[in-house]
Number of protein chains: 2
Amino acid sequence: MIRRPTILDVAARAGVSKSTVSLVLQGSKQVRPETREAVEKAMAEIGYVYNRAAANLRSASVGLVGLVINDLRNPFFTEFATSLQMALAAEGYATVIANSDEDAELQAKLVGSMIEHGVSALVISPAYGAASDTFDQLARTGLPVLQVLRKMDERTSIFPFASFDYASGSAKATRHLLEQGAASVAFVGGLPGRAITRERKSGWREVLKAEGIEEIALHGKSSRAFGMQAADQLMADYPDVDAALCFNDLVALGLMAGFARAERPVGSGFHVVGFDDIEEAAQSWPQLSSVACDISGFARDTAARLLHWMVEGQRPEPEFRSPVRLISRASSLGPTE
Amino acid sequence: MIRRPTILDVAARAGVSKSTVSLVLQGSKQVRPETREAVEKAMAEIGYVYNRAAANLRSASVGLVGLVINDLRNPFFTEFATSLQMALAAEGYATVIANSDEDAELQAKLVGSMIEHGVSALVISPAYGAASDTFDQLARTGLPVLQVLRKMDERTSIFPFASFDYASGSAKATRHLLEQGAASVAFVGGLPGRAITRERKSGWREVLKAEGIEEIALHGKSSRAFGMQAADQLMADYPDVDAALCFNDLVALGLMAGFARAERPVGSGFHVVGFDDIEEAAQSWPQLSSVACDISGFARDTAARLLHWMVEGQRPEPEFRSPVRLISRASSLGPTE
DNA sequence: CATAACTTTTGGATCGTTCCAATTCCAGCA
DNA sequence: TGCTGGAATTGGAACGATCCAAAAGTTATG
């Protein structure tokens, strides 16, 4: 196979210098239109493909953004990743998506690989685990890093953090459940001790405290499977509980499936509200009420924009919270028996 | 901000030449262990990070694989993408994942961008649309390209294609539904005219033909929403149909939700089998029978391996089909009223 | 018509690595 | 001691683009 043509070949063909070709490639407006056309014609004729590695070597800025997600299989994160990719594509950035699968070690490797590939910024929803040295190392590179949706650690905030205003969302949902007639609202799902669990519980806790209601929480993995299991546990151990605020929609869907299995379908007698409002929430039966985080809007308007600023050297606020809203559907609206 | 250290800085610090540092970086075994150690120590001390752009410029091979997916939001593809990424990571490749969102134009851009970034191979599940010129262009670059899960076009097979043996899977599922007592099995979902729809219908059609049963098919988008809509249509227009083979699990889940909404829960009186066996199938209520495509196994054992061969210059068979198996669960096992 | 002012084009240096041929090192042997 | 040959190390050229200062070309001005 013959070697790929370079700008020198293009230049020779078009009868100009390599510098001119370079200017055309960069879309400089100081080349004469006719010259530009000639160069473009030459490129097409010899099948020139731009060599970004060479360009990057000289010019540092790459237009490549790394995106490291802790669990890309979770639809919530998938939605975020794809939306962010599109938003960034519109601004001319290419995006590298990687899935750390909650593995801190793999995450460190992925981050390293991305830096090697010369990303000009990094968006990360971190995996849990002792990765604080990864972060220190990252900080030392001076790369713009935006932490999203999950905070590595309560105290540290080396990097700006963008997420949703979960606390007021959970307060809103809890109040709604009480208004619908619930006497006792359990919190289901979320691993204990994690920042995000604390956030999503905090509003619930506040409202319950204000109303003088006992706090009942079942913690566990944020999966459907745990939701089903929690349903059984609720029915067996807490017969008085007549509503649940779930850590996320997956748990809520599992919980509803568990109640359905026990022939006690959610809707009348038991109310459920989830978190995230994933697509499926509107398509389950009964339809699931959920605290909606407009994740694609967040990706587009918050994350992409913050990142853009950061790449341009601005320093955004250390913490940014997007508002959430409660979507009430059948799972929290039926009559209370 | 000071400039990033290079191998020259490392060399100076370690008291060796840049060439030696380069050898260490490449893991050459012809450097003395003590020298290697000294170099590694120096790298750690000054916080050296490898500049892959520079390396690529000189050495061509990059160890970067591009993965273009038509719909990354679909859990089936998400699973494939993440599994492939991990399998490739184990072989030392970095993976760039991109989502074309069924947009042929965007797909062309993404492919172009990946080539520019110097991927050494491309895995693509193509978007539909007039992108055949994209493919021609790709073919001209001589890059190893593996087409997966979806074929661009019935006739063309410029690139090797790997997918599942859908035809025998749908035959198996249809036979199973008949054995469970179904009198009439409808096919639900899948856009008409597409290769994959044809494949997933072909086994069903064969079995029905052999049994002399009328073919009833409702085509549409492969989404939950369509499944719900199809449930209404089935109940209204085809009261005799008592089983459905769905194009995929999303449609099947939507269909089941639709029946549930009409207070005719699937399980007794109506049987459903889906396709893909996504994680959710086992967690829905009733649990959904499905033609299981072991997508992560496929990614790991088929796609990753084929790709590896191709990168090494081998030419695999033009078409490869992985076997599928039927998982029967409650949605196709209850009594027929 | 000469000169200034501006636009367009150009050659050489440069980015940080790998490759290659050449050099240095060193143990073993006569 | 001097020589040999393999192992270890080295310096310079190369990769393909961008950047920059300077040259060439063009138009406007007095």
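Protein chains get the first letters and strands the later ones, always in sequence-line order, with residue 1 at the start of each.
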Are OP1 or OP2 of [N] and a side-chain N or O of [X] less than 4.0 angstrom apart?
X: B:S17; N: D:dT9; result: no
X: B:T35; N: D:dT9; result: yes
X: B:R32; N: D:dT9; result: yes
X: B:S19; N: D:dT9; result: no
X: B:Q26; N: C:dT17; result: no
X: B:S22; N: C:dT18; result: yes
X: B:Q30; N: D:dG6; result: no

Please pick, from [options], the nucleotide with the shortest atom-to-atom distance to any side-chain atom of [X].
X: B:R58; options: C:dT18, C:dT8, D:dT9; result: C:dT18
X: B:L23; options: D:dG12, C:dT9, D:dT10; result: D:dT10
X: B:L57; options: D:dA17, D:dC19, C:dG16; result: C:dG16
X: A:T6; options: C:dT18, D:dG16, D:dT9; result: D:dG16

Length of the line joining [X]:[atom1] and [N]:[atom2], which is rounded to integer Å:
X: B:K29; N: D:dA7; atom1: NZ; atom2: P; result: 11 Å
X: A:E34; N: D:dG25; atom1: CD; atom2: P; result: 16 Å
X: B:Y48; N: C:dT17; atom1: OH; atom2: C1'; result: 7 Å
X: A:R4; N: D:dA17; atom1: CZ; atom2: P; result: 9 Å
X: A:M43; N: D:dG16; atom1: CE; atom2: C1'; result: 15 Å
X: B:N51; N: C:dC15; atom1: CG; atom2: C1'; result: 8 Å
X: B:K18; N: D:dC15; atom1: NZ; atom2: P; result: 15 Å
X: A:H117; N: C:dT17; atom1: NE2; atom2: C1'; result: 14 Å

Short question: side chain of [X], backbone of [Y] - any donor-acceptor pair under 3.5 Å?
X: B:D101; Y: B:D103; result: no
X: B:H308; Y: B:A304; result: no
X: A:N99; Y: A:L72; result: yes
X: A:S28; Y: A:V24; result: no
X: A:Q26; Y: A:S22; result: yes

Just checking A:V16: base, sugar-phosphate only, or nothing, at a heavy-atom cut-off of under 4.0 Å? sugar-phosphate
